[in-house]
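Values below: every heavy atom of this structure, side chains too, minus hydrogens, waters and symmetry copies.
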Amino acid sequence: MTSKFSAYAHPDALVDTDWLAANLDTPGIRIVESNEDLLLYDTGHIPGAVHIDWRRDLNDEITRDYVGPDAFAQVCRKNGITPETIVVFYGDKSNWWACYALWVFQLFGHQNVKILDGGRAKWTAEEKPLTRVVPNYPATDYPTPLERDDTTNRAFYHQTWQHMLAKKPLVDVRSPKEFSGETTHMPEYPQEGVLRGGHIPGAKSCPWATAANLDGTFKTAEELDQIYTQNLGLKKDDDIVAYCRIGERSSHTWFVLKYLLGYDKVRNYDGSWTEWGNMVRSPIEKGS
């Protein structure tokens, strides 16, 4: 384990590229690629990696919710994952969607999960092997989870509303211009139907990218502590809700706060600004 990893609260939640390269064929490990760019996997992926699409595999497209226990178990079965399998997630955009997929796995209680530090960008920058061969693993008998736990790591609209009224920590991880209301979408991204710009009253701005280095890796524990504990004023026992646009960037921050810094209670409000900003009579603030 590297000295960087050992300083994190849960160092086992991360692997680096050299470790993964040395363990591509180790039994009991399943590598999962999850991207924003849905075509990226087909252009080349880490040997042995399967593709889990956050929209096709993890979302219920009818209810704007996640799949239920039966569908989750099917995703695991077809990708050769058992409850004991160590699942290593990686992807584009500094692991936004990898963290998001890991977060969904946590909703179903799959505990053996890790993130590849630096994700796809670091792996390719180091010219480590890629392949277009799609692996075919024997189906497993992954048992259907009894339920999806929406209480520990997930926040809904009404809970976020109560959180706001109680003046508990709300962390807006979008860009500064989205937070202020100057824009309603990320730079270089299309407007996606959000009616108002601004932020949830009382929220503090801390863009997700402040936790990442230019190569997509996570900053050191000391740097993260400076950002979230010293600068933002969060305490380890705070009840924290993070949000962004639809929950992908805030999954990155959720992972940082929960696994790298060891905050006790962190939830991801996946309805995020696309829900809060459009909801009738939902209060907002503008400005920085």
Side-chain angles (χ1 to χ4, degrees), residues 34 36 53-68 71-72 93 96-97 99-108 147-187 189-209 238-258 265-288:
S34 193
E36 178 178 84
D53 175 0
W54 65 273
R55 193 170 335 202
R56 177 196 63 204
D57 295 317
L58 302 178
N59 274 241
D60 183 324
E61 296 182 359
I62 303 301
T63 61
R64 193 185 172 180
D65 199 357
Y66 299 101
V67 296
F72 174 76
K93 300 290 181 180
W96 288 357
W97 298 100
C99 290
Y100 179 92
L102 181 149
W103 176 72
V104 174
F105 268 60
Q106 291 283 274
L107 300 182
F108 292 100
E147 61 182 357
R148 190 185 64 212
D149 178 7
D150 287 334
T151 63
T152 305
N153 294 308
R154 188 182 188 191
F156 290 95
Y157 176 84
H158 68 282
Q159 294 168 327
T160 305
W161 180 287
Q162 294 300 322
H163 207 82
M164 173 195 69
L165 294 178
K167 300 185 184 305
K168 293 181 179 179
L170 279 163
V171 183
D172 186 316
V173 313
R174 299 174 299 159
S175 65
K177 288 186 177 180
E178 291 174 275
F179 180 84
S180 68
E182 185 176 345
T183 65
T184 56
H185 54 87
M186 285 184 281
Y189 277 68
Q191 215 285 353
E192 295 180 300
V194 174
L195 299 176
R196 302 179 295 173
H199 56 269
I200 298 175
K204 293 183 178 180
S205 174
C206 190
W208 71 273
D238 274 342
D239 181 3
I240 303 166
V241 170
Y243 73 94
C244 59
R245 179 183 60 108
I246 57 173
E248 85 287 24
R249 287 176 285 178
S250 46
S251 292
H252 187 279
T253 301
W254 168 85
F255 180 83
V256 168
L257 294 175
K258 182 179 179 72
K265 186 172 184 179
V266 188
R267 288 176 290 163
N268 182 19
Y269 170 35
D270 56 286
S272 280
W273 194 250
T274 57
E275 180 178 49
W276 190 281
N278 286 345
M279 186 70 76
V280 175
R281 293 185 172 177
S282 184
I284 66 169
E285 286 180 345
K286 289 182 176 289
S288 56

Q: Please determine whether side-chain hydrogen bond (donor to acceptor under 3.5 Å, both in side chains) holds for the pair Asp172 and Tyr243, giving the CA-CA distance in whole Å, both sets of side-chain angles, and the decisive distance to 0.1 Å.
A: CA-CA 5 Å; Asp172 186 316; Tyr243 73 94; 2.6 Å; yes
Q: When you measure from the side chain of Thr184 to the backbone of Gly181, do you find a donor-acceptor pair of N or O atoms at a distance under 3.5 Å?
A: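 Pair absent, no side-chain N/O of Thr184 close to backbone of Gly181.
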Q: When rounded to the nearest 0.5 angstrom, what is the spacing between CH2 in Trp96 and CD in Glu248?
A: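 One gets 5.5 Å once the value is rounded to the nearest 0.5 Å.
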Q: Do the non-hydrogen side-chain atoms of Asp270 and Trp103 ever get within less than 4.5 Å of each other?
A: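 Counting from C-beta outward, Asp270 and Trp103 do come under 4.5 Å.
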Q: Going through the checks in order, is the side-chain contact (heavy atoms from CB on, under 4.5 Å) test met by Ile200 and Tyr269?
A: CA-CA 12 Å; Ile200 298 175; Tyr269 170 35; 4.3 Å; yes
Q: What heavy-atom pair brings Glu285 and Gly202 nearest, and what distance separates the two atoms?
A: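 Heavy-atom minimum between the residues: OE1-N, 3.4 Å.
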Q: Do you know which two heavy atoms are closest between Gly247 and Asn268, and how far apart they sit?
A: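 Between these two residues, the closest heavy atoms are O-ND2, 3.2 Å.
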Q: Which label fits Phe72 and Phe108: parallel for a plane angle under 30°, tilted from 30 to 60°, or perpendicular past 60°?
A: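 Correct class here is parallel.
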Q: Trp97 vs Trp54 aromatic rings, parallel, tilted or perpendicular, using cut-offs 30° and 60°?
A: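 If you compare the ring of Trp97 with that of Trp54, the planes turn out parallel.
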Q: Would you say that Val173 contacts Trp254 through its side chain, given a criterion of any heavy-atom pair below 4.5 Å between the two side chains?
A: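 No, every pair of side-chain atoms sits at 4.5 Å or beyond.
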Q: What heavy-atom pair brings Arg267 and Thr152 nearest, and what distance separates the two atoms?
A: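 Heavy atoms of Arg267 and Thr152 come nearest at CG-O, 3.3 Å.
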Q: How long is the span from the OG1 atom in Thr160 to the CG atom in Leu165, to the nearest 0.5 Å?
A: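 Output value for this atom pair is 11.0 Å.
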Q: Is there a donor-acceptor contact under 3.5 Å from the side chain of Thr183 to the main chain of His185?
A: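 Yes; at least one donor-acceptor contact below 3.5 Å.
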Q: Does Ser282 form a side-chain hydrogen bond (donor to acceptor under 3.5 Å, both in side chains) with Trp276? I'd like the steps, not just the answer.
A: CA-CA 6 Å; Ser282 184; Trp276 190 281; 3.0 Å; yes
Q: Are Gln159 and Thr151 close enough that some pair of their side-chain heavy atoms sits under 4.5 Å apart?
A: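 Gln159 does not reach Thr151 side chain to side chain.
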Q: For Pro283 versus Pro201, what's the shortest heavy-atom pair and its separation?
A: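 So the two residues come closest at O-CD, 3.3 Å.
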Q: Checking Asp60 against Tyr66: is there a side-chain donor and acceptor pair closer than 3.5 Å?
A: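 No donor-acceptor contact under 3.5 Å links the two side chains.
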Q: Which value, rounded to the nearest 0.5 Å, describes the distance between Glu178 atom CD and His199 atom NE2?
A: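 Taking CD in Glu178 and NE2 in His199, the distance rounds to 13.0 Å.
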Q: Return the CZ to CZ distance between Arg174 and Arg245, rounded to the nearest 0.5 Å.
A: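 Here the rounded value is 10.5 Å.
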Q: Check whether any side-chain heavy atom of Lys168 sits under 4.5 Å from a side-chain heavy atom of Val241, and report yes or no.
A: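 No, their side chains stay 4.5 Å or more apart.
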Q: Supply the atom-to-atom distance Trp161 CH2 to Arg281 CZ, rounded to the nearest 0.5 angstrom.
A: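 Reported value, rounded in 0.5 Å steps: 9.5 Å.
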Q: Check whether any side-chain heavy atom of Leu107 sits under 4.5 Å from a side-chain heavy atom of Asp150, and report yes or no.
A: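 With C-beta onward as the side chain, the pair touches.
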Q: Does a side-chain heavy-atom distance below 4.5 Å link Arg148 with Val104?
A: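 Arg148 does not reach Val104 side chain to side chain.
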Q: Hey, could you give me the CG/CG distance between Asp53 and Leu58, rounded to the nearest 0.5 Å?
A: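 With rounding to 0.5 Å, CG (Asp53) is 7.5 Å from CG (Leu58).
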Q: A side-chain contact here means heavy atoms from C-beta on lying under 4.5 Å apart; do Asp149 and Asn153 qualify?
A: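 The answer is no, as the side chains (C-beta and beyond) never meet within the 4.5 Å cut-off.
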Q: Applying side-chain contact (heavy atoms from CB on, under 4.5 Å), run through Ile246 and Tyr100 and close with a yes or a no.
A: CA-CA 10 Å; Ile246 57 173; Tyr100 179 92; over 6 Å; no
Q: Are the side chain of His252 and the backbone of Lys93 linked by a donor-acceptor contact shorter than 3.5 Å?
A: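 Side chain of His252 to backbone of Lys93, a donor-acceptor pair under 3.5 Å: no, none is there.
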